[in-house]
Structures are given as structure tokens and as C-alpha cells.
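Working notes for the structure below.
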2 protein chains.
Amino acid sequence: MSLHEVPTVAPKCGDCPIRHRAVCARCEVDELALLDAIKYYRSFEAGQTVIWAGDRMDFVASVVTGVATLTQTLEDGRTQMVGLLLPSDFMGRPGRTNAPYNVTATTDLLMCCFRKKPFEELLSKTPHIAQRLLEMTLDELDAAREWMLLLGRKTAREKIASLLAIVGRRDASLNLRAPSGRLAFDLALTREAMADYLGLTLETVSRQMSALKRDGVIELEGKRHVIVPDYDLLLDEAGDDSDGGFLV
Amino acid sequence: MSLHEVPTVAPKCGDCPIRHRAVCARCEVDELALLDAIKYYRSFEAGQTVIWAGDRMDFVASVVTGVATLTQTLEDGRTQMVGLLLPSDFMGRPGRTNAPYNVTATTDLLMCCFRKKPFEELLSKTPHIAQRLLEMTLDELDAAREWMLLLGRKTAREKIASLLAIVGRRDASLNLRAPSGRLAFDLALTREAMADYLGLTLETVSRQMSALKRDGVIELEGKRHVIVPDYDLLLDEAGDDSDGGFLV
DNA sequence: CGTTACGTTGACAGAATTCAAAAGTAGTGG
DNA sequence: CCACTACTTTTGAATTCTGTCAACGTAACG
């Protein structure tokens, strides 16, 4: 555990921001009480590692606030992001003792943790938790497969456009709007993180961002604030009609 | 439904070859009886489409024998395989009405199907089914993420070596041996299917197969029978020490 | 003001795709 | 049995895209 880890007092489940979307979403009050009894909070600062691939992992957790990434690496250092944990997303796996991926906080992060053993017992006794977890896992699997299409078959330009379309859409959905026409949002990823996400080098990411800007598909204010004059045009550049549903 | 679809008589669950690995693996006799009451079999010939992406899908199913692929395509025809269904693998998703991927039989295929509605009801009443399904889905998610690393960061040569290592290992595990030293197996995929799997063109697949042969990493008898003189050498070529666990 | 992290750009090399042709394989029907 | 067709696979040559290496710019911060 890192020296910089910040201890935090526990909020109540009742006013938890992810109460209706996380693994506990379907729980009744009595079930919630059981979870409440075994939960504890941990927080991490931006940049900290939550866990290393291969390390023993005796807890599972939900992201309450912040963003974390899952990455895998080859021996020579090539790394690929394989998942993005947003608020309400679940991390860890019942029935496994070691972490399969590196988990890193990319922003300040608050996690609601459960010791694995008690959680597993609860899982077998509380169908509502197992059902919700199944649903969430199926969603993640769909997202991973959408991502595979991107990694395997899209050009660098299409990859960048896809990423921007996804982030833009998620941002719009937070503001309860359907993404269309003009759109603006902050991109909380470095060029390197984008590269790891898309299976590219950071130089290629930079080049394609410049190209999209030159072609009027996007505008940039500073490095991280993106303006999309025409969302449909961006979708065209992404190469798929369906605006692949991952990362919602 | 295709004209060529072959009707089949129903085997009993008791002597079903996937009884101990499929979604029904954890079921007690009484639970099995409930599943048995709603199951029916369908079979497909090699090359037939099981379902198209977007089509209404009112059943879920387990693969009993044979192999099927899940593929996604972009408008212009680029296609990426996003999943491989082997015996005991599960297809379909409770709580969804339309198929997200194309499913194609690559060999003759026998599936054990359940109408979705009754299956969903069973799922909420029978924790053993839900638990097993969760477990299988988590395994698939791990496999998908391993695959993402391959698609995003491996070279063509590493991709081919990885695929051969995986198929070889699965084949060895069927014979109850740990893969090591000399190994031989049939590769039930065309060059094009390999390409779709790995995010390459079929020409590149062919070239790299030739290169691995030239370098003594593999030997070929005919086009589809592969001999691996030294499994560890093949793993080296695959680029990851860990012999990524997917597709087991 | 130097240091550091992040981002952009250029030149070049290398990897993979594209286009094209030819060779191997399998199945069909005369 | 052979000719014919359709399909798969291999190989070559040229092109294109992306990665690599390197230089430079910019912003934040002590």
C-alpha cells in the first residue's frame, strides 16, 4: 500500500453517488446492511497504483468517484490499456487470488472495498448482488469486444475519432443531452494514455489530433479541451455507423 | 433459419459431453430437470450463419459440439473476430433482445438452446445457474482483454505465434497433457479466419506462417496440420512469458 | 531561471497492406 | 479418369501507414 494513500471516513450507502448503478444497485435495505457491514473505503491520488498485476488481492471494490485504468504489459514494456474504471464500475473477481492487471488511478480515486472472503459468501447468499454483477460483467464484455474491433481493424485516424466520439457522448449523457451538432468537453487523458488505449504511439496520436484539427473535425483550446463542431462528422470519421456503445 | 439446418434428436443431459463445463455444470438433478424441460437442440453445417448482428434473438444456447465464431464488421467490410465459441461455451445474453454479433458455424455445430424468457426466469430462481454463468462470463472477459493486448501491441509474427500457442495448448489440454516439448495439432481455421482473428490480412498470415516454418519454429503437413518441435520456443515467439490464459 | 513533464513536428526506416499473379486443393459432372 | 470450376494459399512488387529517433516548443513549478 502506498505511503500517499489517503484514509477517508465512510459515507453512508443511502447517499452514495453510485448507489443506483453499482454492484449494490438491486439490493434491498436488509441486503444493503449486510454489504455495509463489510465495506471500507480507500482513496488514491492521481497517478498512484492501486494494484500490480500478479499481486495478491484480497478485496474487491467499486469505484465511487474518479477514474482508474486497467493495463497489461509485455516484457519489453509495450503496454495496452484493457479497461477503464469509471464511477460505479466494479474491480476484482470472486474466486481469484491474484490481480490479472495493473490498476492505476488516473484521477483522485475513491473506492468502496469489500474483503473478498465475506463478499464471496454474500454473493452466494444474495441473488440480487450476483444478478447485478452478472449484468455488469456482460456489459463489460460487450465493451471489450467493441474495443477489439477498434484495435484490430481501425486506422489511427478512426481510432482517435472513435475515442473522441465516445468521450464526447459520455460527457453529453452526463448533461442529459443526446450528442449532436456542436459539442465541447475536456479530455482527461494524456497523449500517452490515449496511445495506450488505442494501441498507437503517442507521436501518432499527436499527429492524428493535428490532422483532425487541420481538417476541421475538431478544434482545440489548449491541449485538453476539445470542441466538436459537428458530432455527425466525427462519427463519420470513426468509421462505424453504430457509434459503438462502450464506455457509456 | 437456413434451409440446410439439420434437425436432431435430443441427447439426455446425463450423458451430455459438456455436462460438467457448461452453464448447467453446477446444477443438481432437480435443477437439471427444469433446464431439460425447456431445452431443444439445433444443429448447423460448417459455414452456416447461426444469427446475424442486429437480428432478434429469442434464445440462448450452449455449444455442445463444434466451433462457432463471433464477428463484428465495419461498413466497408473490414471484419474482426471478437469471440470463439467452443464446446461448453455460452451464447446469448439474458435481458437483451437483439444479437450484437454475427455468429457463424466454422465446423458442423450442435447447440443446446433455451428459449430466452423461460431461461431468464430460471436464472432468477436457480442460483447455481447464475453463479456458473457469472463465472463463465468473467473468464470470457479475461480472454477478451488478453486478446486486446494481442491486437493492440503485438507484431504480426507474435500474433501468429500466440494463436498457435493457444490452439496447441487447448489441444494438449484435451489430451490431458501439459503443453511442452513436441506438439502436433490440426488448425481448424482458414488463413482468412486466422486473419480476422488476429487483425491482419490473410497475405500477412500466410507470409508469417512461412517465416515461422522457415525458422524452424513450426512444421507444416498439408496446410492445416501443425507440428511444433519446441513449445517453449513458440512461447518465446509469442512475446509474453505468461502464455496468456485465454481460449482455454 | 533551470527543471521537468507533456506535446508537436520532421525525417527516415520498417512493417503491414494492397494489388496482382500463380500454384495448390477439392469437388463436380461428363 | 479427367477436365473444369471454385476456392484457398503462396509469393512478389509497390505503396502506405505507423513506429522510431530526434529536435524543439510550451507550460507549470520550485
Side-chain angles (χ1 to χ4, degrees), chain A residues 45-48 74 76-80 104 106-107 150-164 186-215 218-226 237 239, chain B residues 4 45-48 69 74 76-80 104 106-107 150-164 186-215 218-226 237 239:
Chain A
E45 290 175 3
Q48 276 189 281
L74 299 172
D76 61 5
R78 284 175 283 176
T79 101
Q80 174 66 50
T104 311
T106 54
T107 65
L150 178 147
L151 290 172
R153 293 303 187 192
K154 288 192 178 179
T155 65
R157 184 183 176 99
E158 288 169 336
K159 286 178 175 180
I160 301 283
S162 298
L163 176 59
L164 295 176
D186 284 311
L187 195 54
L189 299 168
T190 65
R191 296 290 185 258
E192 187 178 20
M194 292 173 70
D196 285 345
Y197 190 106
L198 300 170
L200 298 170
T201 59
L202 64 90
E203 293 95 332
T204 300
V205 170
S206 184
R207 271 185 252 276
Q208 295 299 334
M209 288 289 284
S210 299
L212 288 174
K213 182 173 149 192
R214 172 171 45 71
D215 297 344
I218 60 172
E219 297 159 25
L220 291 176
E221 275 177 10
K223 303 301 178 191
R224 302 285 182 84
H225 191 76
V226 179
E237 294 287 350
Chain B
H4 297 92
E45 290 176 3
Q48 276 189 281
T69 60
L74 298 172
D76 61 6
R78 283 175 285 175
T79 100
Q80 174 66 52
T104 311
T106 54
T107 67
L150 177 148
L151 290 172
R153 293 301 186 193
K154 288 193 178 179
T155 64
R157 185 182 175 99
E158 288 169 336
K159 285 178 175 180
I160 300 284
S162 298
L163 176 59
L164 294 176
D186 284 311
L187 194 56
L189 299 168
T190 64
R191 296 289 184 258
E192 187 178 19
M194 292 173 71
D196 286 344
Y197 190 107
L198 301 170
L200 297 171
T201 60
L202 65 91
E203 292 95 331
T204 300
V205 171
S206 183
R207 272 184 251 276
Q208 295 298 334
M209 288 289 284
S210 300
L212 287 174
K213 182 173 149 193
R214 171 170 44 72
D215 298 344
I218 60 172
E219 295 159 24
L220 292 176
E221 273 176 11
K223 302 300 176 191
R224 303 283 181 83
H225 190 76
V226 180
E237 294 288 349

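A, B, ... follow the sequence lines: proteins, then strands. Residue 1 opens every chain.
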Worksheet item: Where along residues 151-159 of chain A does a heavy atom come under 4.0 Å from DNA chain D, residue by residue in number order?
Response: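 Residues of residues 151-159 of chain A that come under 4.0 Å of DNA chain D are, in numerical order, A:Thr155, A:Ala156.
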Practice prompt. Check whether more than 12 heavy atoms from other residues, nucleotides or ligands sit under 6.0 Å from atom CD of A:Glu192, and answer yes or no.
Written response: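 Incorrect, the count does not exceed 12.
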Practice prompt. Name the nucleic acid region contacted by A:Gly47, choosing base, sugar-phosphate or nothing; use a 4.0 angstrom heavy-atom cut-off, strictly under.
Written response: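 Since no nucleic acid heavy atom lies under 4.0 Å of A:Gly47, the category is nothing.
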Discussion item. Determine whether B:Leu74 and A:Lys154 satisfy the following criterion, side chain to side chain contact (heavy atoms under 4.5 Å, CB included), listing intermediate values before the conclusion.
Written reply: CA-CA 9 Å; B:Leu74 298 172; A:Lys154 288 192 178 179; 3.9 Å; yes
Worksheet item: Ignoring hydrogens and geometry, is there a side-chain-to-backbone donor-acceptor pair from A:Arg191 to A:Thr204 under 3.5 Å?
Response: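 The answer is no, because no donor-acceptor pair under 3.5 Å joins these two groups.
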Fill in: For atom CG of A:Asp196 and atom C1' of D:dG19, their distance in whole Å
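Checked: the CG to C1' distance equals 14 Å.
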Worksheet item: side chain to side chain contact (heavy atoms under 4.5 Å, CB included) between A:Leu189 and A:Thr106: does it pass, once the steps are laid out?
Response: CA-CA 8 Å; A:Leu189 299 168; A:Thr106 54; 5.6 Å; no
Worksheet item: So which of A:Arg214, A:Arg157, A:Met194 actually passes side chain to side chain contact (heavy atoms under 4.5 Å, CB included) with A:Met209?
Response: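 Result for side chain to side chain contact (heavy atoms under 4.5 Å, CB included) with A:Met209: A:Met194.
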Worksheet entry | side chain to side chain contact (heavy atoms under 4.5 Å, CB included) between B:Leu187 and B:His225, worked out | CA-CA 6 Å; B:Leu187 194 56; B:His225 190 76; over 6 Å; no
Worksheet item: Within a strict 4.5 Å, meaning less than it, do heavy atoms of the B:Thr190 and B:Lys223 side chains meet?
Response: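 Result no, sub-4.5 Å side-chain heavy-atom pair not found.
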Practice prompt. Compare all side-chain heavy atoms of B:Thr104 with those of B:Gln48 and state whether any distance is below 4.5 angstrom.
Written response: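 With C-beta onward as the side chain, the pair stays apart.
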Item to complete: Go through the steps to decide whether A:Val226 and A:Asp186 satisfy the test side chain to side chain contact (heavy atoms under 4.5 Å, CB included), and finish with yes or no.
Response: CA-CA 6 Å; A:Val226 179; A:Asp186 284 311; over 6 Å; no
Discussion item. I'd like to know if A:Glu158 pairs up with B:Arg78 as an ion pair, taking the criterion as any Lys NZ or Arg NE/NH1/NH2 lying under 4.0 Å from an Asp or Glu carboxylate oxygen.
Written reply: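 B:Arg78 and A:Glu158: salt-bridged.
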Discussion item. Does the protein touch nucleotides 8-13 of chain D at the base, only the backbone, or not at all? Give it as B, S and - per nucleotide, heavy atoms under 4.0 Å.
Written reply: -SBBBB
Discussion item. Reading DNA chain C from 5' to 3', where do the contacts with chain B start and stop? Cut-off is 4.0 Å to heavy atoms.
Written reply: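 Nucleotide range with atoms under 4.0 Å of chain B: C:dA16 to C:dC19.
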